[in-house]
Amino acid sequence: MRKTFLLFIPIALFLSGCASDGEVVAQDLWVKSSEMSIKGGMSAVYGTLTNNSSQDVVLVRGATEIAGVVEVHEMAMIGGEMKMQEIDGGLTVPAGKSIVLEPGGNHLMLMMLTDDLEAGEEISVTFDFAGAEDITANGVVAKPAEGGDEEYHSGEMEMDN
Amino acid sequence: MVSRRGFLASGAAAAAAGAVGAVAGASAAGVAAEQNLETFAANREAQFFGPHQSGIELDIQAVTNMVALDLKDSVTKEDMLRWMRLLTDDISRLTRGEPVLADPAPELAIGAARFTAYVGFGPSLFAKLGLDSQLPEGFAELPAFSVDQLEDRYSGGDVLIHIAADDPVVLAHGTRGLVRDSMPFASVRWVQPGFAHSPGMIPAGLTHRNLMGQVDGTANPELGSEDFNSVVWIDEGPEWIRGGTLMVFRRIAMQLDTWDQLGTPSKEEVIGRKLSNGAPLTGTNESDVPDLGARHPNGLLVIPEFAHIRRAAPVESAERIFRRPFSYDNGMNERGSMDVGLLWTAYQRDISRQYLPIQRRLEKLDLLNKWTVPIGSAVFAIPGGVQGSELIAEPLFS
Ligand code: HEM
Ligand SMILES: [Cu+2]
């Protein structure tokens with residue numbers, strides 16, 4: 001197996017949780033595995049999106065085989081509490097800039113999971129952009145994580161869409 | 001007195017102003033060199049990808065955590081692969097001085113600091129997962145030795161993650177990441193922290209000292225040598241263990257209070273080497289080969305019958321091991337007696353032919369036993385290294 005590792009290099013890049021269409025690059029992607037990420041439950045995808053083009057692009061939607069519903073979320077102060085909600089009109093990645101999707105901040109929300117999402121599992125995730133080609137990342141790994149989204153701990157879906 | 005920082009700042013300012021010549025003896029190049037010196041430890045990077053896991057064939061780092069874990073009840077081979085996927089990615093990032101994915105404290109990834117971690121498996125793991133056919137040759141729990149006073153809290157374990165770095169904060173941060181990603185699969189059985197010298201204390205390749213004061217590691221096979229390969233790295237048997245090795249871990253307590261009652265000549269006779277520079281009692285330099293036949297004019301052996309290096313020296317040529325012991329310091333009691341010793345580790349191809357005959361000889365006779373007590377013990381099989389997108393131990397759990 002080791003002798004043939006050169007053959008695997010292109011696949012390695014493909015599988016490493018990053019994807020690119022040349023203009024927009026998604027890096028360091030991961031998906032949260034917690035007590036909420038069970039069949040019918042929810043999770044979120046995080047990472048860094050970099051826009052190498054000279055025009056703003058907007059992340060408007062996403063898709064993955066593991067979730068029935070995928071939305072672009074932000075955290076916002078609603079009635080004195082931090083809650084997450086869908087971002088009106090999507091999330092802009094400014095020309096030449098990177099944005100970070102992270103716990104407690106913007107994220108790609110996965111709801112109505114079609115199966116349990118266990119630590120170390122890999123999924124593929126598609127990012128739908130307005131103003132750029134969609135990109136699909138394979139090998140997005142599920143990391144055990146609890147921090148960031150307070151709603152995950154309450155056991156209640158407090159979503160304001 | 002000028003503080004070093006103030007001195008550097010003024011040197012840098014002078015350089016920026018285009019001042020020609022030295023300000024207080026510091027040229028711009030000198031300032032840069034000094035700044036490099038201040039962070040040299042942060043910038044040194046070990047290599048993760050390769051034929052072997054990292055952290056064995058490497059000059060010993062400053063600090064270590066040995067973490068042993070026991071599998072959760074329902075864990076399967078498939079789960080093991082998911083665990084190894086997380087650990088492989090984590091270790092490769094931490095080795096580069098980067099945070100792991102999903103790191104809640106990425107700001108703590110302040111430098112590579114020769115971070116390394118490798119994963120190993122105890123015999124109990126093979127039993128739990130029904131992997132007996134994958135056991136490497138000669139790999140089994142150690143027999144009991146008469147010198148042992150083993151405690152459960154320091155012994156055994158299904159899985160070992162042995163982590164080390166040249167900085168304690170880098171070590172703690174890396175340990176946390178690896179343990180966090182292990183919790184879906186296992187629980188922590190024990191953690192044993194240890195240390196050697198800080199970076200900059202001894203030149204690379206030179207032997208470090210243990211807390212008895214001895215130069216420890218002289219007779220080891222040389223890193224990077226063919227000799228090292230033939231003593232340590234396995235090249236046959238099940239695919240997953242090729243490029244790997246078998247490790248014996250012994251937590252050995254040192255009784256420093258009684259040890260320090262000995263004078264220097266007695267201490268030196270116990271080992272058979274000089275305390276000053278580690279030279280054999282029959283030589284002048286550390287690298288001199290001990291002359292086990294040499295006698296004093298009065299007929300007594302120069303390196304006594306009971307001396308540690310005489311007893312530990314190979315009888316059969318195969319009886320050699322690579323030792324990489326960290327010290328531990330677990331505080332002291334109200335009388336000021338320190339709870340110290342070695343996290344003694346030995347790496348080899350075959351425990352039954354390499355470590356075991358040596359330990360059997362030492363068990364029978366080794367004056368050092370008077371001041372040293374094994375209180376923890378475990379063995380781990382350490383899979384080979386990874387390339388590209390391979391996972392640690394992938395062929396074992398696939
Ligand atoms: C606290 C416990 C121990 C201490 C303080 C200790 C210390 C030392 C020292 C100072 C040396 C001489 C320098 C060198 O070659 O490294 C040495 C050599 C050695 N020790 Fe130990 N040791 C301990 C336990 C053990 C154990 C448990 C074993 C194996 C079962 C062992 C095996 C060896 C071997 C193979 C050598 C090299 C002998 C040769 O010259 O060929 N040691 N040890
Ligand atoms: Cu959300």
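Quantities reported herein were computed from a predicted structural model and do not represent experimental measurements. Below, chain A is the first sequence line, B the second, and so on; all start at residue 1.
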Toward chain A, the part of Asp89(B) with a non-hydrogen atom under 4.5 Å: neither
Within 6.0 angstrom of Arg44(B) CZ, more than 12 heavy atoms from elsewhere: yes
Closest non-hydrogen atom pair, Asp181(B) against Pro144(A): OD1-CD, 3.2 Å
Atom pair CZ (Arg93(B)) and CG (Asp28(A)), whose distance is rounded to the nearest 0.5 Å: 4.5 Å
Lys39(A) atom NZ, neighbour heavy-atom count above 12 within 6.0 Å: no
Whether over 12 other heavy atoms sit under 6.0 Å from Glu45(B) CD: yes
Proximity of residues 64-75 of chain B to chain A, residues having a non-hydrogen atom under 4.5 angstrom: none
Rounded distance [0.5 Å steps], CZ in Phe185(B) versus CD in Glu118(A): 8.0 Å
Derivation of the side-chain contact (heavy atoms from CB on, under 4.5 Å) call for Lys143(A) and Asp103(B): CA-CA 10 Å; Lys143(A) 298 279 292 188; Asp103(B) 199 328; over 6 Å; no
Residues Arg82(B), Glu121(A): salt bridge by 4.0 Å N-O rule: no
Asp132(B) atom CG, over 12 foreign heavy atoms within 6.0 Å: yes
Other residues, nucleotides, ligands: >12 heavy atoms within 6.0 Å of Glu222(B) CD: no
Proximal component of Pro104(B), with respect to chain A [non-hydrogen, under 4.5 Å]: neither
